[in-house]
*Asks:* 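Structure in structure tokens, see below.
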Amino acid sequence: EIVRRTNEIKTNTVNSLQSMGYKPILSYTNFVMFPIPQEGSTFVKAMADKGVALRSWNFNNQNYCRVSIGTSEDMELFLGAMKSM
């Protein structure tokens, strides 16, 4: 049941990010990773100021956000913060 629910939340998160114009990398993991248009540490701080903890990575001169899948409430907070970025 936990795996099913986590996958459901992840699918919703990916769909929501795509509707905002982000391009998440599809995976079988319990996190979502997607390119961001700004410097990673700036993005991480802005999200932390909104109560969201996540990580950033830089691959081939492209910044990425990595967010672990949490509860529905956690991901609603994340997506709300993303809408204001």
*Asks:* Which residue pairs pass the salt bridge (charged side-chain N to carboxylate O under 4.0 Å, His left out) test when at least one of the two sits in residues 36-47, sequence neighbours left out?
*Replies:*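 Only Lys45-Asp49 qualify under salt bridge (charged side-chain N to carboxylate O under 4.0 Å, His left out).
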
*Asks:* Please round to the nearest 0.5 Å and tell me the distance separating atom CE of Met75 and atom CD1 of Ile9.
*Replies:*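 The CD1 atom of Ile9 is 8.0 Å from CE of Met75, to the nearest 0.5 Å.
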
*Asks:* In residues 50-60, what donor-acceptor pairs under 3.5 Å come from side-chain atoms, sequence neighbours left out?
*Replies:*
residue	atom	partner	partner atom	Å
Lys50	NZ	Ser84	OG	3.3
Asn58	OD1	Asn61	N	3.4
Asn58	ND2	Asn63	OD1	3.0

*Asks:* Apart from Val3 itself, what residues make up its hydrophobic cluster when side-chain heavy atoms of I, L, V, M, F, W and Y under 4.5 Å apart count as a link, directly or indirectly?
*Replies:*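 In the cluster with Val3 there is nothing else; it is isolated.
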
*Asks:* For residues 3-19, which residue pairs qualify under salt bridge (charged side-chain N to carboxylate O under 4.0 Å, His left out), counting only residues two or more places apart or in two chains?
*Replies:*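 Of all non-adjacent pairs touching residues 3-19, those that pass salt bridge (charged side-chain N to carboxylate O under 4.0 Å, His left out) are Glu1-Arg4, Arg4-Glu8, Arg5-Glu8.
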
*Asks:* If two hydrophobic side chains count as joined below 4.5 Å and joins carry through other members, does Tyr64 share a cluster with Leu26?
*Replies:*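 No, separate clusters.
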
*Asks:* Quick one: pull up OG in Ser68 and CZ in Phe31 and give me the separation to the nearest 0.5 Å.
*Replies:*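 One finds 8.0 Å between OG of Ser68 and CZ of Phe31.
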
*Asks:* Holding to side-chain hydrogen bond (donor to acceptor under 3.5 Å, both in side chains), I want the full list of residues that pass it with Asn7, two or more places apart in sequence or in another chain.
*Replies:*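 Not a single residue meets the side-chain hydrogen bond (donor to acceptor under 3.5 Å, both in side chains) criterion with Asn7.
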
*Asks:* Tabulate below the donor-acceptor pairs under 3.5 Å that side-chain atoms of residues 15-23 make, not counting sequence neighbours, or state none.
*Replies:*
residue	atom	partner	partner atom	Å
Asn15	ND2	Thr11	O	3.3
Ser16	OG	Asn12	O	3.0
Ser19	OG	Ser16	O	2.7

*Asks:* Restricting to side-chain contact (heavy atoms from CB on, under 4.5 Å), what partner residues turn up for Thr71, sequence neighbours left out?
*Replies:*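 side-chain contact (heavy atoms from CB on, under 4.5 Å) list for Thr71, sorted by chain: Glu73, Asp74.
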
*Asks:* Taking a hydrophobic cluster as the set of Ile, Leu, Val, Met, Phe, Trp and Tyr residues connected by side-chain heavy atoms closer than 4.5 Å, whether directly or through intermediates, do Ile69 and Val44 fall within one such cluster?
*Replies:*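 They do share one cluster, since a chain of ILVMFWY contacts under 4.5 Å joins Ile69 to Val44.
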
*Asks:* Is there a continuous path of hydrophobic side-chain contacts, each under 4.5 Å between heavy atoms, that joins Met33 to Phe43?
*Replies:*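 Different clusters: Met33 never reaches Phe43 through Ile, Leu, Val, Met, Phe, Trp or Tyr contacts under 4.5 Å.
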
*Asks:* Nearest 0.5 Å, please: how far is CE in Met82 from CD1 in Ile36?
*Replies:*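 Atom-to-atom, Ile36:CD1 and Met82:CE are 8.0 Å apart.
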
*Asks:* Restricting to side-chain contact (heavy atoms from CB on, under 4.5 Å), what partner residues turn up for Glu76, sequence neighbours left out?
*Replies:*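 With sequence neighbours excluded, Glu76 shows a side-chain contact (heavy atoms from CB on, under 4.5 Å) to Ser72, given in chain and number order.
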
